[in-house]
Amino acid sequence: MISLKRVSKAFGSIRAVDHVSLEILAGQVVVIQGPSGSGKTTLLRLIAGLELPDAGVIALDDEVVSAVDWATPPHSRGIGIVFQRSALWPHMTVAQNLCFAMNGLSKAEADAHLHEILERVVLTNLRDRYPSQLSGGEARRVAVGRAMAARPKRLLLDEPLTSLDPELKGRLLTAILEYAHETGATVLYITHDREEARAVGHVRLCMERGRIVG
Ligand code: ADP
Ligand code: MG
């Protein structure tokens with residue numbers, strides 16, 4: 001479960017996230033759609049622990065992870081993130097970027113898991129390329145695969161399909177939803193695109209000027 005109670009974050013005079021309360025149940029897939037600048041990325045960064053709230057409380061499975069005087073570090077939150085910009089390790093190949101996120105697996109398990117993820121995100125042919133040798137859309141797919149690689153309980157996706165062509169968009173969306181279904185992961189999916197939000201389905205919320213407006 002992901003729970004926010006009256007969470008706010010301002011940058012100077014800009015109220016990026018303004019008294020947001022939200023509850024996402026375990027295994028739920030929730031989409032937040034809103035225009036550029038409405039505070040979506042800041043909300044996701046707050047949940048991930050990359051920003052700290054000015055006010056309010058964030059809890060994951062009933063454990064407080066962010067409060068005004070408390071912050072659990074991002075890597076201890078059991079969260080996989082796909083950033084708006086792909087942020088791959090430039091000195092690692094596609095396969096190495098994916099394997100880096102897998103902890104505590106034997107070589108054989110890691111190989112099998114890598115194979116499965118490469119298939120899911122349609123990257124098998126590009127496994128030995130470096131990020132500088134990938135198109136923007138290919139790098140996005142690596143970022144989605146990498147977020148899945150650690151099998152997180154919670155997956156936060158910030159505009160993961162922007163700049164992909166429609167066919168790949170469909171395939172990758174299916175891969176994300178299948179992942180969520182198979183692992184029971186809780187998913188928060190953020191997009192400015194109304195049509196994409198409809199396709200992800202499940203629970204849909206809208207964000208405007210730092211607030212969830214239903
Ligand atoms: P969205 O992801 O919906 O486009 P953001 O969360 O990125 O929105 O931004 C919300 C508002 O907060 C915008 O007005 C943006 O300019 C501002 N903002 C975001 N991050 C920062 C920052 N680090 N410093 C100053 N302003 C920021
Ligand atoms: Mg954003």
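Each ligand, and each atom within it, is numbered from 1 in the order the structure gives. Because the structure is a prediction, the values reported are computed rather than measured.
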**Prompt:** Measuring from the heavy atoms of Ser36, does anything fall under 4.0 Å of ligand 1?
**Reply:**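 The answer is yes, since Ser36 has a heavy atom less than 4.0 Å from ligand 1.
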
**Heavy-atom gap Gly210 to ligand 1 smaller than 4.0 Å** =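 Heavy atoms of Gly210 never come under 4.0 Å of ligand 1.
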
**Message:** What do you get for the angle at the Mg ion (ligand 2) between OE1 on Gln84 and OG1 on Thr41, to the nearest 10 degrees?
**Reply:**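 That angle works out to 80° after rounding to 10°.
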
List the closest protein heavy-atom neighbour of [atom]: residue, atom name, distance to the nearest 0.1 Å.
{"atom": "atom 6 (O) of ligand 1", "result": "Thr42 OG1, 2.6 Å"}
{"atom": "atom 8 (O) of ligand 1", "result": "Gly39 N, 3.2 Å"}
{"atom": "atom 17 (C) of ligand 1", "result": "Phe11 CD1, 4.0 Å"}
{"atom": "atom 12 (O) of ligand 1", "result": "Ala16 CB, 3.5 Å"}

**Request:** Compare every heavy atom of Glu196 with every heavy atom of Tyr189, then report the nearest pair and how far apart it is.
**Result:**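 The answer is OH-OE2, 2.6 Å.
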
**Prompt:** Under 3.5 Å between some N or O of ligand 1 and some N or O of Gly37?
**Reply:**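 Such a contact does occur with ligand 1.
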
**Asked** Looking at ligand 1, does any of its N/O atoms fall within less than 3.5 Å of an N/O of Lys40?
**Response**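 Lys40 vs ligand 1: N/O contact under 3.5 Å present.
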
**Asked** Would you say atom 15 (C) of ligand 1 has a protein heavy atom nearer than 4.0 Å?
**Response**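 No, there is no protein heavy atom closer to it than 4.0 Å.
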
**Prompt:** Is atom 3 (O) of ligand 1 less than 4.0 angstrom from at least one protein heavy atom?
**Reply:**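 Answer yes: something from the protein, a heavy atom, is under 4.0 Å.
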
Taking atom types as modelled, find out whether [X] and [Y] have a side-chain donor-acceptor pair closer than 3.5 angstrom.
{"X": "Asp158", "Y": "Thr41", "value": "yes"}
{"X": "Ser66", "Y": "Arg77", "value": "yes"}
{"X": "Gln33", "Y": "His192", "value": "no"}

**Prompt:** Should you measure from each heavy atom of Pro35, which atoms of ligand 1 turn up under 4.0 Å away?
**Reply:**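 So the answer, numbered in order with elements, is 3 (O).
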
**Message:** Need the ligand 1 atom indices (1-based, order shown) with element for anything under 4.0 Å from a heavy-atom of Ser38.
**Reply:**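 Result: 1 (P), 3 (O), 8 (O).
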
**Prompt:** Is it true that atom CD of Glu167 has more than 12 heavy atoms of other residues, nucleotides or ligands lying nearer than 6.0 Å?
**Reply:**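 Count not over threshold, so no.
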
**Prompt:** In terms of heavy-atom contacts, does CG of Asp62 have more than 12 from other residues, nucleotides or ligands at under 6.0 Å?
**Reply:**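 12 or below, so no.
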
**Asked** To the nearest 0.5 Å, what is the distance between CG (Leu157) and CE (Met148)?
**Response**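 That separation rounds to 7.5 Å.
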
**Asked** Any salt bridge between Asp193 and Arg198, counting N to O under 4.0 Å?
**Response**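 Answer for the salt bridge query: no.
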
**Prompt:** Using a heavy-atom cut-off of under 4.0 Å, does the side chain or the backbone of Thr41 touch ligand 1, or both, or neither?
**Reply:**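 The answer is both, backbone and side chain.
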
**Message:** With a 4.5 Å cut-off on side-chain heavy-atom distances among I, L, V, M, F, W and Y, is there a chain of contacts connecting Leu22 to Val57?
**Reply:**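 No; Val57 is not reachable from Leu22 via cluster members.
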
